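Bear in mind the structure is a predicted one, so any value in this text is a computation, not a measurement. Heavy-atom basis, side chains included; hydrogens, waters and symmetry copies ignored.
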Amino acid sequence: QVHLVESGGGSVQTGGSLRLSCAASGDTYPINYWGWFRQAPGQERQGVASIYHTGSDAGYADSVKGRFTISRDDARNTVYLELNNLKPEDTAMYYCAASTVFGYRWSLQPSRFRYWGQGTQVTVSS
């Protein structure tokens, strides 16, 4: 079992930055890749970024490429999402997730992720 806890959300103005953290505990050995997702009210959950459990293989949604960066600190069992040049359309609840599915080095599909955090809210005002 893996327990994920997100933090770092908040309210910023357009163009601002935030750094989200996802602290993992439990048996993380089977985790193959990590992901960040977001969900705005009335919308489906959207994959934002994902990173392989080792090395630097990562993938991003087109809407955040060049603005968001996913990274890992393996010693701390923590995954980060750096959000820069934020826009009002980035407003959503952001979720961290972990996948035990093999055959991929990263994924933006929610169905491939087994463990989920409770989410942290990001609000961007114009």
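No more than 12 heavy atoms of other residues, nucleotides or ligands lie within 6.0 Å of CD in Gln13, so this atom counts as exposed by the packing criterion. Crowding of Gln1 atom CD: a count of heavy atoms from other residues, nucleotides or ligands under 6.0 Å not exceeding 12. Counting heavy-atom neighbours within 6.0 Å of Tyr29 OH, excluding the residue itself, gives a total of 12 or less.
Taking the side chain as every heavy atom from C-beta outward, Glu89 and Val124 never approach each other to under 4.5 Å. No side-chain heavy atom of Trp106 sits under 4.5 Å from any side-chain heavy atom of Ile51. Considering only heavy atoms from C-beta on, Gln39 comes within 4.5 Å of Tyr95 through its side chain. When side chains are defined from C-beta on, Val12 does not count as touching Ser17, because their heavy atoms never get closer than 4.5 Å.
In the hydrophobic cluster analysis, where Ile, Leu, Val, Met, Phe, Trp and Tyr join through side-chain heavy atoms closer than 4.5 angstrom, Trp116 is grouped together with Met93. Taking hydrophobic clusters as Ile, Leu, Val, Met, Phe, Trp and Tyr residues chained together by side-chain heavy-atom distances below 4.5 Å, Phe37 does not share a cluster with Ile31. Val5 and Leu81 fall into different hydrophobic clusters, defined by Ile, Leu, Val, Met, Phe, Trp and Tyr side-chain heavy atoms under 4.5 Å apart, directly or through other members.
With rounding to the nearest 0.5 Å, the separation of NE2 in His53 from OG1 in Thr100 is 12.0 Å. For the atom pair Ser71 OG and Trp34 CH2, the distance stands at 12.5 Å (nearest 0.5 Å). From Asp27, atom CG reaches atom OH of Tyr115 across 7.5 Å, with rounding to the nearest 0.5 Å. A distance of 5.5 Å separates OG1 of Thr54 from CZ of Arg72, quoted to the nearest 0.5 Å. With values rounded to the nearest 0.5 angstrom, Asp90 atom CG is found 10.0 Å from Leu18 atom CG. A distance of 12.5 Å separates CH2 in Trp36 from OH in Tyr60, rounded to the nearest 0.5 Å.
At distances below 3.5 Å, not a single donor-acceptor pair connects side-chain atoms of Gln46 with backbone N or O atoms of Arg38. When atom types are taken as modelled, the side chain of Glu6 and the backbone of Thr120 share no donor-acceptor pair closer than 3.5 angstrom. Asn77 contributes no side-chain N or O that, together with a main-chain N or O of Ser25, makes up a donor-acceptor pair within less than 3.5 Å. A side-chain donor-acceptor contact under 3.5 Å links Ser50 to the backbone of Ser107.
Annotation: cation-pi pair Arg105/Tyr52 present, NZ/CZ under 6.0 Å from the ring centroid and within 45° of its normal.
In summary, of the residues considered (Leu86, Val48, Ile70, Leu83), a side chain to side chain contact (heavy atoms under 4.5 Å, CB included) with Val64 occurs for Val48 alone.
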Query - Intermediate values then yes/no, salt bridge (charged side-chain N to carboxylate O under 4.0 Å, His left out), Asp62 and Lys65 - result: CA-CA 5 Å; Asp62 288 343; Lys65 279 181 182 176; 3.2 Å; yes
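Taking the six-membered ring for Trp, Tyr33 and Phe113 have ring centres closer than 6.0 Å.
For Val122 against Gly9, the heavy-atom pair with the smallest separation is CG2-CA, 4.3 Å. Nearest approach of Ala40 to Ala92, heavy atoms of both residues: N-CB, 3.9 Å.
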